[in-house]
**Student:** 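Handing you a structure now.
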Amino acid sequence: MNYRHAFHAGNFADVFKHLILTRLLLYLARKATPFRYIDTHAGIGVYDLSSDEAQRTGEWRDGIGRIIAADFPADVRVLTQPYLDIVRGLNPDGGLRHYPGSPVLAAKLLRQTDRIALCELHPQDARTLRAAMRRDERVKVVEIDGYTGLNAFTPPPERRGLALIDPPFEETDEFERVLKALKVAHAKWPTGVYAIWHPFKHPDRVARFLDALVASGIRRVLSVEIQTCAFDPLGPLSGCGMTIVNPTHGLADELEIVLPALTNCLATGEGYAWRVRELVGE
Ligand SMILES: C[S@@+](CC[C@H](N)C(=O)[O-])C[C@H]1O[C@@H](n2cnc3c(N)ncnc32)[C@H](O)[C@@H]1O
């Protein structure tokens, strides 16, 4: 486990993932009945963009650094504002020093009756996460493998909810692990929303994963992708995707509004692009 998210916090991929996560959670929170948020690879909760790690890569400057200063049209602003308000809320003195990870975004968006289960296997990160989420009685932090956790936490007693699957993709078989865990969880909890983030580093692996997901028989699958410049297998990460099982109502339409402006703002070169497509229907 060498992956440290502190090097990448707030980069274009985080912005893309967290914006989609925010839209999903806001929708779930519209209905009065409680729901559960499960984060299989939770990270540390809050990232310090002035840290050595964040400064060394500077990735956040081309991610949240651009988006926070963007002048979006009104229809885009309405959809990005809840996410950006949370980022601004962590930086009450203005500027941009603290960036929320997925657990903190969820904690800000969920209600008192909702519950949050966070899995983080790295012992030090699990400790930091526990400290970041302290005093929040809705939250359970477990130092456990995320796929084991997903199995343990599904189906949640609330029967409504979302699982974010956001692994580091250090291992060559990560996509296979994701699919295996997803199939087991989905068989027990077919109505849950599952959001799976993936990097676009090995196009063949992504294609195999999506093909296998389609072949699995799981219905209602949406694929969302972003590319900030033309794909270069030898260059730094320039694209990623989020695959969503049981996407919330209206999500695809919202993303069709947001992604053109978001991608324009995050673009670093020719060949930038976005795509929203239904992989499997009802
Ligand atoms: C991409 S980061 C998570 C970022 C976080 N979801 C967010 O959006 O703020 C992946 C995290 O998974 C942790 N990790 C690595 N292997 C794991 C495993 N098998 N189970 C759970 N966590 C793991 C890493 O320590 C790292 O903190």
Side-chain angles (χ1 to χ4, degrees), residues 1-25 37-49 51 53-54 57 59-60 63-64 67 83 86-87 90 98-110 116-133 139-154 162-182 184-185 193-201 224 226 236-237 239-244:
M1 271 204 309
N2 295 317
Y3 181 88
R4 315 297 288 153
H5 195 64
F7 288 99
H8 311 293
N11 69 1
F12 82 88
D14 255 10
V15 169
F16 168 82
K17 168 180 63 188
H18 291 154
L19 188 52
I20 297 174
L21 179 64
T22 301
R23 298 312 312 168
L24 289 166
L25 291 174
Y37 172 69
I38 302 165
D39 201 325
T40 59
H41 299 72
I44 61 172
V46 182
Y47 295 87
D48 182 351
L49 300 178
S51 70
E53 292 94 330
T57 64
E59 285 184 19
W60 64 270
I64 189 61
I67 295 298
Y83 160 63
I86 295 174
V87 180
L90 286 185
H98 296 113
Y99 182 76
S102 47
V104 164
L105 285 168
K108 300 279 184 200
L109 294 165
L110 270 59
I116 301 176
L118 307 174
C119 311
E120 172 53 57
L121 191 58
H122 195 289
Q124 191 185 330
D125 286 3
R127 264 198 306 281
T128 309
L129 178 62
R130 210 166 269 131
M133 309 308 289
V139 178
K140 185 174 190 151
V141 176
V142 268
E143 191 182 317
I144 189 177
D145 167 64
Y147 302 120
T148 308
L150 183 65
N151 188 30
F153 290 121
T154 49
L162 180 154
L164 174 66
I165 304 176
D166 182 23
F169 285 90
E170 286 181 309
E171 307 292 338
T172 53
D173 67 344
E174 195 80 67
F175 278 115
E176 284 78 13
R177 294 193 207 185
V178 169
L179 190 60
K180 193 172 159 207
L182 176 65
V184 172
V193 179
Y194 300 87
I196 301 134
W197 180 88
H198 68 76
F200 197 77
K201 266 272 178 205
V224 191
I226 187 169
L237 185 72
C240 64
M242 189 86 128
T243 307
I244 303 150

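One is the number of the first residue; the rest follow in order along the sequence. Each ligand, and each atom within it, is numbered from 1 in the order the structure gives.
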**Student:** Side chains of Leu162 and Tyr37: closer than 4.5 Å at any heavy-atom pair?
**Tutor:** yes
**Student:** Quick one, list the residues around ligand 1 where some non-hydrogen atom comes in under 4.0 Å, by chain and residue number.
**Tutor:** Met1, Tyr3, His5, Lys17, His18, Asp39, Thr40, His41, Ala42, Gly43, Gly101, Ser102, Glu120, Leu121, His122, Asp125, Ile144, Asp145, Gly146, Asp166, Pro168
**Student:** Does Glu143 reach the main-chain N or O of His122 with its side chain, forming a donor-acceptor pair under 3.5 Å?
**Tutor:** no
**Student:** Does NZ belonging to Lys201 count more than 12 external heavy atoms closer than 6.0 Å?
**Tutor:** yes
**Student:** State, yes or no, whether a side-chain contact exists between Val139 and Leu118 at a heavy-atom distance under 4.5 Å.
**Tutor:** yes
**Student:** Does Phe12 have any ring pair (Phe, Tyr, Trp, His ring centres under 6.0 Å) partners at least two apart in sequence or in another chain, and if so, which?
**Tutor:** none
**Student:** Ignoring hydrogens and geometry beyond distance, is a side-chain donor-acceptor pair present between His18 and Tyr99 at under 3.5 Å?
**Tutor:** yes
